[in-house]
2 protein chains.
Amino acid sequence: MGVLRKTKSVEVVLHEFSKDSSAISVITLVERLQLDMNKTTVYRILNKLEDDGIVHSFLGKNGHKWYAKCHNCSSAVHKDVHPHFQCISCGKVECLEINVPIPDIPNRKVEVSQILLQGKCEACYD
Amino acid sequence: MGVLRKTKSVEVVLHEFSKDSSAISVITLVERLQLDMNKTTVYRILNKLEDDGIVHSFLGKNGHKWYAKCHNCSSAVHKDVHPHFQCISCGKVECLEINVPIPDIPNRKVEVSQILLQGKCEACYD
DNA sequence: AATTTAACGCAACTAAGTTGCAACAATGAT
DNA sequence: ATCATTGTTGCAACTTAGTTGCGTTAAATT
Ligand SMILES: [Mn+2]
Ligand SMILES: [Mn+2]
Ligand SMILES: [Zn+2]
Ligand SMILES: [Zn+2]
């Protein structure tokens, strides 16, 4: 899979990610681009962009899907695994470039960790 | 809110949690109890049990809701906030009684952390 | 036993995400 | 520039987790 053709729709979606580094929920994206393309197209393009290592996805606090730009990924190596931060005041979601060490758990082998932190973001902080 | 009447349905739901300490997804519960009660009833009972501090909820890897017994909670104090572990082999989900320290993040105030670990559980571990 | 009202079943609904298919358009070859 | 190929799109229908309204049932209290 992956993006093969540079269509207008793909460019529009990529532009949404280029103008702001914070994450975007699919719900927001579908609504924001409803005049440009069908929601099915949004879902399909995001799928392919993720396959290509251009964006990565995760689930927000309601279990809805969010996407953000990858930094140094490719279709071969998807190394964008990190915690995410959702502001409980303004709703903004950001990638956190921090490492949260997971303690060893007896008789269990942790392979993936999904961490969603919630709190006040830079702008909403007192 | 909260559970006011000890109905047959409430007892059936509580029994599901008493016979096994691992978490149960709502999807599983609705299916397992379909002969005993309507799915609406399952959802409503779980809501109330959570209000009462008898169970707590969290989202599994697909964003679907899971519930597990609380240990020392009440309707006043819900202190059951901890990481959860989902086995990628057998699907079992467990509460982890460990503390994962979240490092300080500059200009941001973390208030809640949602941590879902995935890997091999005790039974599926090599 | 009668009264009160929380809890229940049922059907209809909501909303995120998916699928099948015909029409369209990006791309490379002629 | 035109054609042929085939990846991409729009649309409508679908799937499924979870919710809501309402009339009926049954737990608790008298
Ligand atoms: Mn990220
Ligand atoms: Mn738990
Ligand atoms: Zn904020
Ligand atoms: Zn397992």
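Note that the coordinates shown come from a computational prediction; the quantities given were computed from them, not determined experimentally. The figures that follow rest on heavy atoms only: side chains count, while hydrogens, waters and symmetry mates do not. Naming convention: chains lettered A, B, ... in sequence-line order (proteins, then strands); numbering from 1 in each chain.
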For nucleotides 9-11 of chain D, list the nitrogen or oxygen atoms of the protein found under 3.5 Å from its nitrogen or oxygen atoms, one pair per line.
residue	atom	partner	partner atom	Å
D:dT9	OP1	A:Thr7	OG1	2.6
D:dG10	OP2	A:Asn38	N	3.0
D:dG10	OP2	A:Thr41	OG1	2.3
D:dG10	N7	A:Arg44	NH2	3.2
D:dG10	O6	A:Arg44	NH2	2.7

In whole Å, I'd like the distance from the [atom1] atom of [X] to the [atom2] atom of [N].
{"X": "B:Trp66", "N": "D:dG18", "atom1": "CH2", "atom2": "C1'", "value": "17 Å"}
{"X": "A:Leu46", "N": "C:dT18", "atom1": "CG", "atom2": "C1'", "value": "14 Å"}
{"X": "B:Lys65", "N": "D:dT16", "atom1": "NZ", "atom2": "C1'", "value": "16 Å"}
{"X": "B:Ile27", "N": "D:dG18", "atom1": "CD1", "atom2": "C1'", "value": "10 Å"}
{"X": "A:Leu29", "N": "C:dA16", "atom1": "CG", "atom2": "C1'", "value": "14 Å"}
{"X": "A:His64", "N": "C:dT14", "atom1": "NE2", "atom2": "C1'", "value": "11 Å"}
{"X": "A:Gln34", "N": "C:dA16", "atom1": "CD", "atom2": "P", "value": "12 Å"}
{"X": "A:Glu11", "N": "D:dT8", "atom1": "CD", "atom2": "C1'", "value": "14 Å"}

request  = With the side chain counted from C-beta on, respond yes when B:Gln114 and A:Ile115 share a heavy-atom pair under 4.5 Å apart, and no when they do not.
outcome  =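 They are not in side-chain contact.
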query = side chain to side chain donor-acceptor pair (under 3.5 Å) with B:His56: which of B:His82, B:Glu50, B:Lys69?
reply =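 When side chain to side chain donor-acceptor pair (under 3.5 Å) is applied between B:His56 and each of B:His82, B:Glu50, B:Lys69, only B:His82 qualifies.
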query = For the base of C:dA6, is there a side-chain donor-acceptor partner from B:Arg5 under 3.5 Å away?
reply =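 Side chain to base: pair found, below 3.5 Å.
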Are the side chain of [X] and the backbone N or O of [Y] linked by a donor-acceptor pair below 3.5 Å?
{"X": "B:Asp20", "Y": "B:Ser22", "result": "yes"}
{"X": "A:Lys65", "Y": "A:Val26", "result": "no"}
{"X": "B:Asp80", "Y": "B:His71", "result": "yes"}

task = With DNA chain D as reference, determine whether B:Tyr43 or B:Lys6 sits nearer its 5' end, using the nearest nucleotide of each.
result =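 Nearest-nucleotide comparison on DNA chain D picks B:Tyr43.
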query = Quick one: do B:Ile98 and B:Trp66 end up in the same hydrophobic cluster if we chain Ile, Leu, Val, Met, Phe, Trp and Tyr together by side-chain heavy atoms under 4.5 Å apart?
reply =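 B:Ile98 and B:Trp66: separate clusters.
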